[in-house]
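Let me begin by presenting the structure, written as structure tokens, before commenting on it.
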Amino acid sequence: MAKLQAIRGMNDILPAQTPTWQALESAFHRVVHRFGYQEIRFPVLEQTQLFKRSIGEVTDIVEKEMYSFDDRNGDNLSLRPEGTAGCVRAADQHGLLYNQQQRLWYQGPMFRHERPQKGRYRQFQQFGVEAFGMAGPDIDAELIQLSADLWRELGIGSALTLQINNIGASAERRAYGAALTSFLEAHSDRLDADARNRLYSNPLRILDSKNPDMQDLLVAAPALADYVSDESVQHFDELKSLLDSAGIAYEVNPRLVRGLDYYNNCVFEWVTDALGAQGTVCGGGRYDGLVEQLGGKATVAAGFAMGSERLVLMLETLGKEPQAPRPAVYIVVPTGFAKDALALATALRAELPEQIILSHCGGGKPASQLKKAFTLGARYAAVIESDLLEQGKIKLRGLTDEEGFEEQVPVDDLPRRLAELI
RNA sequence: GUGACUGUAGCUCAGCUGGUAGAGCCCUGGACUGUGACUCCGGUGGUCGCGGGUUCGAACCCCGUCAGUCACCCCA
């Protein structure tokens with residue numbers, strides 16, 4: 001029988017990597033906490049309809065990337081491909097959005113059936129932040145500032161660039177899309193297959209094509225900025241000046257178009273060149289129409305999401321991984337002294353509750369146990385020896401280069417002695 | 001979904017034009033050492049991703065399949 005293995009594109013995260021993940025998660029928690037955001041948790045499965053109506057019927061995500069199936073009741077369900085739709089559904093369903101402001105955050109796995117590659121997996125983790133009921137650019141700036149604070153906390157700010165754009169209201173985008181379509185129709189002989197596919201369904205997506213021929217063609221195309229309302233432009237200008245005063249550098253990228261339909265006005269992405277093809281680490285923007293579109297009372301909103309795997313990759317390639325936790329004390333236990341070791345370990349953990357106290361299990365010579373203590377990077381070894389123990393003493397050894405001492409300590413004093421040293 | 005490359009011990013890899021597998025590291029037992037580090041001796045561990053085919057014989061050739069990597073596409 002063939003060995004069972006993980007589903008394609010779904011990764012196990014092993015002990016060697018979990019410290020980096022924990023560092024990332026705790027940094028995120030610290031940042032959202034000090035910005036006053038509250039956690040919300042919502043299911044991994046939703047009605048397929050929710051994603052179709054929010055993300056957009058003709059987007060790649062719902063067209064070909066969702067894990068959808070009929071459950072036993074015949075309802076069509078989907079694993080969430082992103083967080084915003086479920087967050088809005090949950091918040092609206094429980095009345096969190098009715099005439100009030102909310103600052104929310106979530107984290108968890110998302111699912112998209114794409115061909116896996118570096119920084120892109122079929123199950124992946126996102127952190128997301130959503131803010132409801134605030135119409136001005138001040139909240140947009142706050143969201144960006146929050147993300148920038150996280151980069152600072154992680155020490156990766158210098159490897160990230162902020163790109164922003166104003167994509168206007170959906171009606172404006174429709175008008176622009178029509179203009180873009182007719183422009184491209186006039187040059188249909190120069191369009192690549194992908195552009196031809198999107199010509200009528202989603203022409204704006206042609207804007208960020210990586211095909212140089214398309215980009216050459218688009219130089220002469222109508223500009224989205226010319227179709228955006230004065231209000232949108234003013235909102236965007238205010239955002240830029242807020243970012244300026246906050247000291248957050250940005251680039252205006254007129255080609256920046258988000259892949260989900262619900263965005264409007266200002267959108268942004270944090271990008272890096274440290275990750276190969278997956279340059280976007282964080283993306284978001286305003287989505288003022290989504291709540292109403294999903295059946296709620298009209299509520300303005302903005303938010304962003306970031307990909308944890310990509311951030312972990314960045315931490316690794318930039319050498320910002322935390323050190324693996326090392327034991328403070330390793331107890332060397334000769335055969336027949338398990339009870340003494342257990343009692344000693346309990347006493348040490350009571351005195352030093354934050355430290356890792358490892359007691360050797362499985363027997364073996366003291367010499368090889370000590371070797372294990374060194375291998376694990378333990379700072380001290382508490383060596384039980386029968387003749388010493390009869391005198392109520394234990395041997396304490398410092399195992400690091402700086403602390404290469406060896407001393408005999410009364411067993412009862414060992415917790416206090418170690419507390420002094422550590 | 002498309003393309004290119006890859007798939008041999010836990011890890012990193014070798015295996016010439018086909019003759020049923022090797023090294024280093026790791027782990028482990030022992031010797032030595034004033035109870036780890038250096039040195040010496042020994043040991044565990046492989047359906048050569050999987051399934052077919054060609055052949056007297058395949059890790060090596062052919063087909064399929066699964067998985068990985070990178071890129072396209074798309075996005076976090």
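In what follows, every chain begins at residue 1, and chains take the letters A, B, ... in the order their sequences are listed.
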Tell me which of Arg397(A) and Gly307(A) sits closer to the 5' end of RNA chain B, going by the nucleotide each one is nearest to.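 The residue whose closest nucleotide sits nearer the 5' end is Arg397(A).
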Using the closest heavy atom to pick a nucleotide of RNA chain B for each, name whichever of Val257(A) or Phe374(A) lands nearer the 5' end.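 By nearest-heavy-atom nucleotide position, the 5'-most residue is Phe374(A).
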Select base, sugar-phosphate, or nothing to describe what [X] touches, counting heavy atoms under 4.0 Å on all strands.
X: Glu269(A); result: nothing
X: Gly276(A); result: sugar-phosphate
X: Leu311(A); result: nothing
X: Gly83(A); result: nothing
X: Tyr330(A); result: nothing

Would [X] and [Y] count as a close aromatic pair, with their ring centres under 6.0 Å?
X: Tyr37(A); Y: His33(A); value: no
X: Tyr330(A); Y: Tyr380(A); value: no
X: Trp105(A); Y: Phe35(A); value: no

No-H, no-angle donor-acceptor pair, Arg310(A) side chain to C75(B) base, under 3.5 Å: yes
Counterpart base for [N], defined by Watson-Crick or G-U wobble contacts under 3.5 Å:
N: U55(B); result: none
N: A71(B); result: U2(B)
N: G24(B); result: C11(B)
N: C40(B); result: G30(B)

Rounded to the nearest 0.5 Å, how far apart are CG of Leu218(A) and CG of Leu184(A)?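 Those atoms lie 6.0 Å apart.
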Does Lys371(A) place a side-chain N or O at less than 4.0 Å from the phosphate oxygens OP1/OP2 of U28(B)? no
Under 3.5 Å side-chain donor-acceptor pair for Gln17(A) and Glu321(A): no
Return yes if a side-chain donor-acceptor contact under 3.5 Å exists between Glu39(A) and His29(A), otherwise no.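 No, His29(A) and Glu39(A) have no side-chain donor paired with an acceptor closer than 3.5 Å.
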U55(B) and C16(B), which share atom name P, separated by this distance in whole Å: 23 Å
Is the backbone N or O of Val281(A) less than 3.5 Å from a side-chain atom of Arg310(A), with the two atoms forming a donor-acceptor pair by type?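 No, because the side chain of Arg310(A) does not come within donor-acceptor range (under 3.5 Å) of the backbone of Val281(A).
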Stacking between Phe124(A) and A76(B), defined as ring centres under 5.5 angstrom apart with planes under 30°, is that present or not? yes
How does protein reach along nucleotides 1-11 of chain B, written 5' to 3' as B (base within reach of a heavy atom under 4.0 Å), S (only sugar-phosphate), or - (no contact)? BBB--------
